[in-house]
Structures are given as structure tokens and as C-alpha cells.
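Counting starts at 1 for both ligands and their atoms, in listed order.
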Amino acid sequence: MKERLLELKEEALRKVEEAEDTKSLQDIRVSYLGKKGPITEMLRGMGKLSAEERPVIGQLANDVREEIANALDAKMKKLEDIALERRMAEETIDVTLPGRPVEVGGPHLLTSILEEIEDLFIGMGFEIKEGPEVETDYYNFEALNLPKGHPARDMQDSFYITEELLLRTHTSPVQARTMGAKDGSEPVKMICPGKVYRRDTDDATHSHQFTQVEGLLVDENVRMSDLKGVLNKFAKQMFGSDREIRLRPSFFPFTEPSVEMDISCKMCNGAGCSVCKGTGWIEILGAGMVHPNVLRMAGYDPETYSGFAFGMGPERIAMLKYGIDDIRHFYTNDIRFLKQYHKV
Ligand code: PHE
């Protein structure tokens, strides 16, 4: 029995020595020291031994168990130490390594230009108003003096959803809504930036979806000279104080008289060049005095109230300001194009 115990001990210690992971150590512990292990088994058979032999073998069996348990513990600790060391080596952070660059984004050029336009008009006391992009025929056309069948509706080819609903073709309906929400005596001083939609074929200067900023001022005694003053201030702040403006007669159904505003060409300073097609001027927006019918439909008495309105395309403003030659750049999202206009 004694030999058998010593043999078991040798065998177990050898296995502990050879074990390479904690799982095998667990297995060894269970198979040698567990309730069904050979040593426990032998202790159960001790009853057959003589009275002298019993304490000797009992002592030995305990010693063997203890030795195996100690060897297992020591090996377990060793393996854990090795694993810890390996992990520490793997997870060492070299604080001297350069970090991965974090790319900082920036607002889209169109967002920046819209904000710039908004800021200029907020500075002149205008409020910002917004309205729905899916608009009723009434607000998009009728309330703006464009009854059904009016030929001037053709100026704005539209995406209809139903007979009465369409994607707004301009932001003017927001003006009609804003006036209509007042009681017919409150002054209005607002701009409305937003997306608009027209059934156009996309090319360098046309897009089926683009943005507009329109403005409206209604009060007593509003005159054409007020319009000119506001537009002049806007143009000089946006394009530089050396720019001149001029108003040319034009036609819009919702304004009378109507004008288009040009600014003097920056490239040639008015002398005429390819950018301004030899004229010295570049058109930037439409405007006019609000038509009495539009005031009346919104509940304002045109005998007492008058107003001016204007509308511009921020894409066109940005194209002129930064010399961009194709409106599609705003929508195709080529990051190389957009990055040039990120303000740091
Ligand atoms: N709504 C016009 C357009 O989209 C622009 C405009 C607005 C013209 C206000 C005059 C006055 O073409």
C-alpha cells in the first residue's frame, strides 16, 4: 500500500509538472484528490489493515495528499503569474506613439451660406420663419395671386402629389402663411429659408431641388426705397462694400412693380468679362412691392399697408461668392469639394 501511495504521488507530481494550463491542473486535482480518486479509495480500504499499520499508512496518505495539493497550488500560481505577465506585456501602452488623427467635420457649404444670409437679415431685424415643404396649391399659388390656370404658373414647373398638394416651388407660401396668421394690422418682417422643388432637368445651373431665402416686410408706408436700402446693405455685406447694385424691371405675379437685382461684376469691376457675359452685372435675386391682391388675401388692407418681398437662391449666391461653376457640386457630396469650405 505504501508503494502504491508513493507511486501515485510520483505520478501526480509529474503530471502537475507537465501541466500547461489551469484546466489540466483542475483535472489533476479532481482525479487524484477528488472523492472518487485513488487515494480516497485507498483510505476507504484501511479497515483491512493491522492496528500498527493503520496510523502509518493514514499519515502517509495525508502527507501525499498534502504534497500533491501544495504542488497543484504552486503550479497554479506559477501559471497565473505567467498569464498576468503576458497580458501586461501585451497591453502595454506606448504613450510616446503618435495618436490616430481624429478627422473633424464641418458644416456643408450650403448650411454655412444659409447661416450667413440669416445672420445678415437677423442683424437688420428680420425674423426667421419656416413652413412645410409639402404645400397646398392655395398657399403655393393662389394666395400669391396665381389662380388656377394662370399662365405664370408655368414659370415654376411643379411636382404635384394630388390636385391640391405639391412640393413647394418657392418659399413664398411661408410668407402667405405668416401674413395670414396675423390679424391684418401687425407688421411683418421675416425671412424664410428652406428647400424648394421644381420639375427641372439637372445641369450646371439647374437642380430639381434647391434652396431659397425669401424675405417680406409689411407695414404702413413701406416704399420701394426701403427695399432698395435693405438689398443694398445685404449685397455689400455679402459680396463686399465695393459692389454696386441695380434694379431692373421684371415680372412676378405676387409683386407689382417687380424687379430683378444685379450686382456689379467682381471679376471686371463693371467693365464686362466672360463671367458677367460682357454686361458688367450679375443677376442675384428677384423682388418687388407686394401685390395688393396678395395683401388683401392675407387680410391686410392695401390702402393702409404696403410691403416688399424678395427671393434669392443661396446656391447661386455661394457660386458667385466662391466662383463655383456647377450647382450639382452642392448635392453630389464630393468630400474634396466640401472640405475646401470647412471653416476651421
Ligand atoms: N418666389 C420667387 C421665385 O421663386 C422669387 C420672388 C420672391 C420674387 C419675392 C419676388 C418677390 O421665383
Problem set entry | Salt bridge flag under 4.0 Å for residues Arg328 and Asp326 | yes
Exercise. Can you list the atoms of ligand 1 that are under 4.0 Å from a heavy atom of Phe252?
Worked result: 8 (C), 10 (C)
For this session: Before accepting this row, confirm whether a basic side-chain N of the pair Lys321/Glu116 lies closer than 4.0 Å to the acidic partner's carboxylate O.
Result: yes
For this session: Measure Ala287 to ligand 1 on non-hydrogen atoms and call it side chain, backbone, both or neither using the 4.0 Å cut-off.
Result: backbone
For this session: Would you check whether Ser172 has a nitrogen or oxygen atom less than 3.5 angstrom from a nitrogen or oxygen atom of ligand 1?
Result: yes
Exercise. Between Glu17 and Arg14, is there a salt bridge with N-O shorter than 4.0 Å?
Worked result: no
Problem set entry | Check: Glu260/Ser250 side-chain N/O donor and acceptor closer than 3.5 Å | yes
Exercise. Less than 4.5 Å apart, any side-chain heavy atom of Met224 and any of Pro257?
Worked result: yes
Exercise. Could a heavy atom of Gln156 be found less than 4.0 Å from some atom of ligand 1?
Worked result: yes
For this session: Do me a favour and list the nearest non-hydrogen protein atom to atom 6 (C) of ligand 1 with residue, atom name and distance?
Result: Phe254 CE1, 3.7 Å
For this session: For atom 12 (O) of ligand 1, state which one of Arg198, Met155, His170 supplies the nearest heavy atom.
Result: Arg198
Seminar exercise, completed: Checking Leu295, Asp183, Val294 against Tyr300 for side-chain contact (heavy atoms from CB on, under 4.5 Å), the one that qualifies is Leu295
For this session: Give the residue and atom name of whichever protein heavy atom lies nearest to atom 7 (C) of ligand 1, and the separation in Å to one decimal.
Result: Glu214 OE1, 3.4 Å
For this session: Check each atom of ligand 1 against the heavy atoms of Ala309 and keep those under 4.0 Å away; list them by number with element.
Result: 9 (C), 11 (C)
Problem set entry | Phe310 neighbourhood, listing ligand 1 atoms whose heavy-atom distance to it stays under 4.0 Å | 7 (C), 9 (C), 11 (C)
Exercise. Going by an N to O cut-off under 4.0 Å, is there a salt bridge joining Lys148 and Glu164?
Worked result: yes
Seminar exercise, completed: Taking only non-hydrogen atoms of Gly286 and a 4.0 Å limit, the atoms of ligand 1 in range are 8 (C), 10 (C)
For this session: Compute the centroid of each ring, for His329 and then for Tyr341, and state whether the two points are separated by less than 6.0 Å.
Result: no
Problem set entry | Close approach, Gln212 and ligand 1, non-hydrogen under 4.0 angstrom | yes
